[in-house]
Every structure is written in structure tokens, then in C-alpha cells.
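Scroll down for the structure; my scribbles are underneath it.
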Amino acid sequence: MLLNLNIIDLAVVKSLDLDLEKGMSVLTGETGAGKSILLTALGLALGDRADSGYVRPNSKRAEINLEFDLADAPQAQQWLKDNELDTEQQCLIRRIVNHDGRSKAYINNRPVTLQALQELSEKLVEIHGQHAHLTLLNADEQRRLLDAYAKNQPLLDSVNACYRQWHQTSKELANLIKSSVDQTEREELLRYQIEELQQLDLANFSYAELSEEHGKLANLGQILSTGQEQVDMLYENDRQSVNQMLNHCLSELSHIAQFAPELNEICTMLSEAQIQVEEASLQLRRFLESQEADPHRLEALENQIGIIQSLSRKHHVTPDELPELVGKLEQELDGLAHSSERIEALTATVEQLLAQYHQLAAHLSGQRKLSGKKLQQKISAMIKELGMPQGEFLVDIGALDSATPKLNGKDKIEFLVSANPGLPAKPLAKVASGGELSRISLAIQVTTSSDKTTPTMIFDEVDSGIGGGIAEIVGQKLRSLSHNRQVMCVTHLPQVAAQAHHHLYVEKNNQTDITSSNVRLLETEERIEEIARMLGGVNITANTLAHAKEMLFQSAPGTQPERTITGN
């Protein structure tokens, strides 16, 4: 249940702190007073898309905070636990919208993604907008409502999972059959490409080693001449080699070390350096003696590297990726060689999935037809109460024209209505007027919501197009929904407002440069005055007040408990 709504600098609301309780609460006020901004705030806090236009002028950001009691929301408790966001029995949701349009969301003071916020919100609040009767004309929405009423979601998930498997496998099978038409030509091409690549001795293939060997042979002359120069400089030049200079330095320092023993360590280091120079010279000489020019090997390497580079360009891969390419080509060739076996296996799988789909879809159809009868009986009874005494509501469930599997089963679901006796039932869009459609929509929303576990339900002017005694019945239906949950309703109808347990009044404040809206809880006398205003308009007479008082005490006798609401 929603315990508290806190708004800061959102559109016409500068600040608002609103405590809420169980039962039915209505929000009323003059047109344009700001009732819709409260629902906007709730929508934003629950994951709607944000933009900078929501931020109050001259403010850096807008902020909405919601506090929920989760005692009546076990699904939300489990979700929080699964996502490691749980904290006792309460849940805090916070949404911040910056002036540049960027937003942040928090659950129990921990940042979350918008998707996570939306997932949790579905388990806490259900909002019925004022244009719900228009979406009701959509065939997919009609199917969704029936499945929701029938609690078909687990079965529907199984049907759709089977459909997706069937669709993917059928697509793979079709591609394999199509490719098998040109199989012979493709096999010949693959064999040629594999043989062409295998001439590279791919088992011992290393492009880096080939390039290194080629580089050595191509530059052998420079290697030999430069190497011999360094051998001479290090050791073999009798006049001025590194070895001769080290030997001279060692002799001179050894002579004076008898007078300065501290030089003995330096002499040792020079002696070790002389040994290292001699060893390096010997190794360099042996390396140079082992090198031999091989023009034929150089030519072979150049040819092989040329072939490698040509093949890599041909197949659009790097030289090092050629061995992997051969593996892929061999795999494809093997697949083609066994394509008939694969086609046979896939065909069997497709048939198995198809049979499974039809079995699940048939079960789903049975569930829909069973629940459809119950739903149409309940809605027919309710629309009769809502001013359509001869109205009959039907849930028509037929088979789709196509035998091909479809998402959501193989049923064509359509809501039909007959407003007058003797006339055949027809689709909603062809029969129902605007007012009738609003009543039917409300009847469906109330009926399909009665079995739901969502603890808070919000109705935004869903009673539009309704008046008189029917409006009172609508109020009674909304009040009945609040027996085991929290119901909030934005309304312009006094008959609906009179049915509420709690009455919230939205008003504008034009005393400052920037208009602001405020919400306050009405006490009994104030409720009478507000209902009278809704009944009589500008000039409120004693009779109007008496009528309002009578409506209030007949619909919702007793006084309301005090509540804390602050805002400006």
C-alpha cells in the first residue's frame, strides 16, 4: 500500500507531502487545478519516461518520493529479496529528474535501472488511464485482458516458448533445404578452397616464423658484414679492441690497487667484464660461421609468403587466421555431406514441436473459453447495473484462419456487445457509443481487477461520459474494490466522490509569480461543500448543500480519521 507521496519542484507543485491510507480516496478540484500532475508524479516515480519539461521553472531538478508498506505485497517483497534490495516491511522509491532531462532512480536508497524500477512497480501499483476505453478496441488488448482474468500467463509463456523454438527450428530447416539445392556446386568449391589452403602445410604453419626466416635470409649480407665488424671491435683487433682496452685498464688499476685496496673490487668487475666480452665475441663468431646464403630457400620463402598473402586477401582474413578458416570450411563441407541426415533430424524436431505447440495451444484455448464464459457473465451483469439494462457482453473465441503457429496461441479473441435486444452482438467499435464504451471499459477493469493482488489501484477519470444514477453505481463499484486494497480515483463526478473513504482536494495558488498547486484532505463539512460545488457549479444553494450532505452520509457515513498533509 502507498503510505506517502512526496513531490518537490515538479511542474506546478513546489512541494507536497501527502500521507495516504487504505480504502478509496478521490482527488477532485477545478479543471486545471493540477490533479493530473499527481498522477504524472506517480507515473514518473514508477518508471515512466522523464524529460526536462517536468522540472518546475527556476529549479534545478524535480524529485518524487514514494513510501510503500509491503505487508499486502508479497510479490514485491520477493522481487526485492531476489534483487537484494529488501529492507524489512517498507519500500522507498525515489526518482530525480534534472533540468537537462536526465533522471536517476533509487529503490531503498540504492540506485537502480529504469527497467528494474518498472518491474517492481508492476507489483505495487496498477494505473488505469482515462483513455483505457480506447485501448480496449485493440484486439491484442482484449486478448491480454482475458488471459489476465484467466491467470493464463504460465500457460501462455509455455505456448510462446514452444512457438519460438518451432519458428527457429523451421527457419534453420528451410535454410538447409534451400542450400541443399546448390549443394553439389558448393561442395566442389569448398573442396577446392580446402585443397588450396592445405598446400601451406597448415599443421606446421606459422606466418610469423616464415616472415622471420625470410627477413634473415633477405638481409644475410648485412648481418655477416656488421657482425664481423663487431667481432673485430670486441676482440680480434689487436690495436684497439674492447678486450685490449679492458686489459689495459685492468693492468693499470691492479698496479695502483696495492696502494689503494679499495680498487680491488673494481678490478674484479673489470676482469668479469673482460670474460663476458670474450664469451660474447666467441658466440658472435660461431653464429656468423654458421650462416650460409641460400638463394633457393629465399626464393621458396618469397613464393610461399606471396601465396599466403594472396589467399588471405582472397578470403578476407589475416594470414594467421588461415588455419582457422580451413577448419570452418571443413566443418561446412562436413555439414553439407551430412545435410540429408540433418534435414531428416530437423524435420522430426519441427513435427515434434508443432505437435507440442498444438497441444499447449489447445489447452490454452480451453482455458480461455472456460474463463471467457465466466467473464462475459460478470461483465454483462455489471453493464446492466451501469445503465445498459438490455446489454449483453460476449467474449468470442474462434480459431485463426491460418494453421501456422502464432504467438499467443491460435485463437482469435474479440469482445462483442449487443446494446439492444434482438440485435446480434457486434464488435465494440461498431456498436458502442462513447458513453457506452466508457461503461463497458469500466466494467471490464473492475471485473478483471477484483482477483488481482496489486495492493494499490489508481483510476484516472475512467468515469468520463457517465452521469446520474449510473455514476453512483460506478462509485459503489470502485468503493467495493477498496475493501481489500487501496484505490485512488481522479473524478469530476460528485456521485463518485461521495463514495470515497477519503477526499483530497487539489487547488491552485496564484499569489506568487509562479503558479503552484496544493492538495489537502477535506474534513466532513469541506467535503459537503466540495460535493455541492461539483453538483451545482458556481452558485451553491442551501438545497445543493443539503443534497451533497445527503449523498455523503448515505454513501460513506462517519467521519474520516485525521491525516497529515502539507504542501505549497
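Atom set for the values below is all heavy atoms of this structure, side chains included, hydrogens, waters and symmetry mates excluded.
Listed here is the closest heavy atom pair of A498 and L552: O-CD1, 3.9 Å. Between A548 and I531 the shortest heavy-atom distance is CB-CG2, 3.7 Å. Pairing each heavy atom of Y54 with each of R49, the nearest pair is CE1-O, 3.9 Å. Closest heavy-atom contact between K410 and Y357: N-OH, 3.8 Å. A pairwise comparison of heavy atoms in A443 and I379 identifies CB-CG2, 4.2 Å as the closest pair. Of all heavy-atom pairs spanning G409 and L400, the tightest one is O-CD1, 3.9 Å.
The pair E344-R342 fails the salt-bridge criterion, with no side-chain N (NZ, NE, NH1 or NH2) lying under 4.0 Å from an Asp/Glu carboxylate O.
In this structure, CD1 in I473 is found 4.5 Å from CD1 in I470, a value given to the nearest 0.5 Å. Atoms CE and CD, on M24 and Q476 in that order, are 10.5 Å from each other to the nearest 0.5 Å. Rounded to the nearest 0.5 angstrom, I397 CD1 and L146 CG are separated by 5.0 Å. Once rounded to the nearest 0.5 Å, the distance linking CD of E126 with CZ of R485 reads 8.0 Å. Summarising the geometry, atom CD belonging to E172 is positioned 8.0 Å from atom CG belonging to N175; distances are rounded to the nearest 0.5 Å.
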Side chains of residues 346-354: which donor-acceptor partners sit under 3.5 Å, not counting sequence neighbours?
{"from": "T347", "atom 1": "OG1", "to": "I343", "atom 2": "O", "distance (Å)": "2.6"}
{"from": "T349", "atom 1": "OG1", "to": "A345", "atom 2": "O", "distance (Å)": "3.0"}

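Not a single donor-acceptor pair under 3.5 Å links the side chain of S25 to the backbone N or O of E21. With hydrogens and angles disregarded, no donor-acceptor distance shorter than 3.5 Å links the side chain of R143 to the backbone of A139. Side-chain atoms of D19 never come within 3.5 Å of backbone atoms of N4 as a donor-acceptor pair (strictly under, hydrogens ignored). At distances below 3.5 Å, at least one donor-acceptor pair connects side-chain atoms of T113 with backbone N or O atoms of A116. At least one donor-acceptor pair closer than 3.5 Å links the side chain of D51 to the backbone N or O of G53. The backbone N or O of L92 sits less than 3.5 Å from a side-chain atom of N108, completing a donor-acceptor pair. Side chain of N160 to backbone of N408: a donor-acceptor contact under 3.5 angstrom is found. D72 places a side-chain N or O within donor-acceptor distance of the main-chain N or O of M1, the cut-off being under 3.5 Å. A donor-acceptor contact shorter than 3.5 Å links the side chain of S482 to the backbone of R479. At distances below 3.5 Å, not a single donor-acceptor pair connects side-chain atoms of N98 with backbone N or O atoms of G101.
T28 is linked by a side-chain hydrogen bond (donor to acceptor under 3.5 Å, both in side chains) to H503, E530, counting only residues two or more places apart in sequence or in another chain. Listed by chain and residue number, Q153 satisfy the side-chain hydrogen bond (donor to acceptor under 3.5 Å, both in side chains) test with D157 (two or more places apart in sequence, or in another chain). Scored by the side-chain contact (heavy atoms from CB on, under 4.5 Å) test, A50 finds L44, R95, V97, S103 as partners (sequence neighbours excluded). Partners of R110 by salt bridge (charged side-chain N to carboxylate O under 4.0 Å, His left out), not counting sequence neighbours: none found. Among residues two or more places apart in sequence or in another chain, the side-chain hydrogen bond (donor to acceptor under 3.5 Å, both in side chains) test is passed with H99 by none. In this structure, the side-chain contact (heavy atoms from CB on, under 4.5 Å) partners of L394, at least two apart in sequence or on a different chain, are Q376, L416, A425. For Q486, the side-chain hydrogen bond (donor to acceptor under 3.5 Å, both in side chains) test picks out T456, with sequence neighbours left out. Shown here are the side-chain contact (heavy atoms from CB on, under 4.5 Å) partners of A41, two or more places apart in sequence or in another chain: I7, L10, I64.
For the pair L42 and V125, the minimum side-chain heavy-atom distance is 4.5 Å or more. By the 4.5 Å heavy-atom criterion applied to side chains, L117 and I93 are counted as neighbours. With a 4.5 Å cut-off on side-chain heavy atoms, V26 and F459 do not count as touching. Using a 4.5 Å cut-off on side-chain heavy atoms (C-beta onward), V506 and V490 make no contact. Contact annotation: the side chain of L80 approaches that of I107 to within less than 4.5 Å [non-hydrogen atoms, C-beta and beyond]. Using a 4.5 Å heavy-atom cutoff, the side chains of E30 and E507 are not in contact. For the pair Y505/N518, no side-chain contact is recorded, criterion being any heavy-atom separation below 4.5 Å from C-beta on. Side-chain contact between Q499 and E472: present, with at least one pair of heavy atoms (C-beta onward) separated by less than 4.5 Å.
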Dump the intermediate steps for salt bridge (Lys or Arg N to Asp or Glu O under 4.0 Å) on R61 and E63, then the final yes or no.
-> CA-CA 7 Å; R61 65 181 188 178; E63 181 177 331; 3.6 Å; yes
Please assess I440 against V417 for the test side chain to side chain contact (heavy atoms under 4.5 Å, CB included), listing each intermediate value before the final yes or no.
-> CA-CA 9 Å; I440 295 169; V417 67; 3.9 Å; yes
Assess whether side chain to side chain contact (heavy atoms under 4.5 Å, CB included) is satisfied between V519 and V13, documenting all intermediate values.
-> CA-CA 9 Å; V519 181; V13 178; over 6 Å; no
Assess whether side chain to side chain contact (heavy atoms under 4.5 Å, CB included) is satisfied between L27 and M488, documenting all intermediate values.
-> CA-CA 8 Å; L27 284 83; M488 296 178 63; 3.8 Å; yes
Start with the C-alpha gap between V496 and M534, add the side-chain angles, then the distance that decides, and say whether side chain to side chain contact (heavy atoms under 4.5 Å, CB included) holds.
-> CA-CA 11 Å; V496 174; M534 298 170 74; over 6 Å; no
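Atom CD of Q359 is surrounded by 12 or fewer heavy atoms from other residues, nucleotides or ligands within 6.0 Å. Within 6.0 Å of the NZ atom in K22, the count of heavy atoms belonging to other residues, nucleotides or ligands does not exceed 12. For H492, the NE2 atom is densely surrounded, since the number of other residues' heavy atoms within 6.0 Å is greater than 12.
Among pairs with a residue in residues 382-399, those fulfilling salt bridge (Lys or Arg N to Asp or Glu O under 4.0 Å) read K384-E392, E385-K477, at least two apart in sequence or across chains. Sorted by first then second residue, the ring pair (Phe, Tyr, Trp, His ring centres under 6.0 Å) pairs that include residues 378-416, not counting sequence neighbours, are F393-F415. Pairs engaging residues 361-374 under the side-chain hydrogen bond (donor to acceptor under 3.5 Å, both in side chains) rule: D147-R368, S365-D411, R368-D411 [sequence neighbours left out].
Annotation: cation-pi pair R94/Y106 present, NZ/CZ under 6.0 Å from the ring centroid and within 45° of its normal.
For Q90 and E67, the side-chain atoms include at least one donor-acceptor pair closer than 3.5 Å. In this structure, a donor-acceptor pair under 3.5 Å is present between the side chains of Q78 and D82.
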